[in-house]
Protein chains: 2
Amino acid sequence: MSLKHAILTLLETEEGSGYDLLKRFKDRLGFFWNASHQQIYLQLKKMSEEGLIEFEHETQKGKPNRKVYHVTDQGKQTLMDWIHGSVKVDKVNDAMLVKLYAGHLVNPEVLLAEIQKHTDIHQRMLNTFLALEQDYLSLDDQEKPQYALPYLTLRKGILGEQAWLTWAQEVNAYLKQL
Amino acid sequence: MSLKHAILTLLETEEGSGYDLLKRFKDRLGFFWNASHQQIYLQLKKMSEEGLIEFEHETQKGKPNRKVYHVTDQGKQTLMDWIHGSVKVDKVNDAMLVKLYAGHLVNPEVLLAEIQKHTDIHQRMLNTFLALEQDYLSLDDQEKPQYALPYLTLRKGILGEQAWLTWAQEVNAYLKQL
DNA sequence: TCCTCATATGCAACAAATTGCATAATTCCG
DNA sequence: CGGAATTATGCAATTTGTTGCATATGAGGA
């Protein structure tokens, strides 16, 4: 299970609450990991019980209170063990491709509409990632090294989205020509 | 649940056994869908109970007997309903990126070895896809139209793998220069 | 005032996927 | 003759993920 390791990784970099993690996944690390708030809160509870992380209650004014989690030594060790092991190549399960494969059953318009909807979402993600890339590139040369690895993960997001959009253009061109 | 729809799509194109589906996923449609034999056999059983598919026992000599499944009218209808609806954009959960994000905790060699291992696998997949593309491109112009949509899904696999390998080169260049 | 949004956390039921185990026939190689 | 690979199917236990529901505060707009 890697949600555990994704959380350990993020908390090792910077402590935070479940809500913080949710926002980091949603706003910045969508190319990297996605998890619902239900998954995150439950996982934090379990990891806390296993002793991988600990939390302090933080009282806030004007906002609900937070539980701020940080990684314990045991958690750090778990992360180190995991990182020295090997991870599986990502399993691909792409429902959009299934639909296209079966596309002869419907009008091209149905497929075009679906592709368009997905294109909008992917374009928005790419824009987000490109903006983050600009943030990195405008850093001083002294600051860059510490963000180099996260930047490389961002590059994966950018290259992935660009490939998706290139593909969508091929599909569009074909479907419109029908 | 989309394994159901992936199976309906494949069986609608051509009837087959659980083992056939497993091989189609593994050898040809890995860019498209992946499922274990346990998942497939269980799903076939469920779909059979729901009336979406039916099977005939096929006795073989020299090999174990097979159950050859085909889609029923009800199954076809279920597929049509699904294809007219909309699918969610794929959820990304990439353990390799998590590892790279946390890469400051280990020697670059650890990351390089992992990247290399994944590169080999992705390169092999790309080669498979490119060979399939050649098969399509060498078809007569009269035959191409009926495979056009599957070909577009193949293009997704090719563009995706190429993007992955391009990214891996960036990562390699960075890690080696450390 | 009411509604929605953002912040912040959680449980319970259900669906799906993974891991481990199990069986059985034949072919192919040493 | 023994062992491994290929073909072919399946169950059970566990882990993960999804969907639905629930609660509470405060800010900002209609």
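Within every chain, numbering begins at 1; the chains are lettered A, B, ... in the order of the sequence lines, protein sequences first and strands thereafter.
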Visitor: So if I take every side-chain heavy atom of Arg66(A) and compare against dA8(C), dG10(D), dG20(D), which nucleotide ends up nearest?
Guide: dA8(C)
Visitor: Hey, is the side chain of Lys67(B) poking within less than 4.0 Å of OP1 or OP2 on dT7(D), counting only N and O atoms?
Guide: no
Visitor: With no hydrogens and no angle check, just 3.5 Å: does a side-chain donor-acceptor pair link His122(B) and Gln162(B)?
Guide: no
Visitor: Kindly say if Lys45(A) contacts the phosphate of dT9(C), meaning a side-chain N or O under 4.0 Å from OP1 or OP2.
Guide: no
Visitor: Between C1' on dG10(D) and CG on Leu22(B), what's the gap in Å once rounded to a whole number?
Guide: 13 Å
Visitor: Do the side-chain N or O atoms of Tyr41(B) get closer than 4.0 angstrom to the phosphate oxygens (OP1, OP2) of dG10(D)?
Guide: no
Visitor: Strictly below 4.0 Å: does Gln39(B) bring a side-chain N or O up to OP1 or OP2 of dT18(C)?
Guide: yes
Visitor: Would you call Glu56(B)-Lys67(B) a salt bridge at under 4.0 Å N-O?
Guide: no
Visitor: Indicate yes or no: does Lys144(A) engage Asp141(A) in a salt bridge with an N to O separation below 4.0 Å.
Guide: yes
Visitor: Could you please name the option among dG17(D), dA22(D), dC11(D) that lies closest to any side-chain atom of Leu3(A)?
Guide: dG17(D)
Visitor: Quick one: which of dC21(D), dT9(C), dG10(D) gets closest to the side chain of Ser17(A)?
Guide: dT9(C)
Visitor: Between dA17(C), dC21(C), dT18(D), which nucleotide gets closest to the side-chain atoms of Ser36(A)?
Guide: dT18(D)
Visitor: Considering just the side-chain nitrogens and oxygens of Lys23(A), establish if one lies under 4.0 Å of OP1 or OP2 belonging to dA6(C).
Guide: no
Visitor: Out of dA17(C), dT7(C), dG20(C), which nucleotide sits closest to the side chain of Tyr19(A)?
Guide: dT7(C)
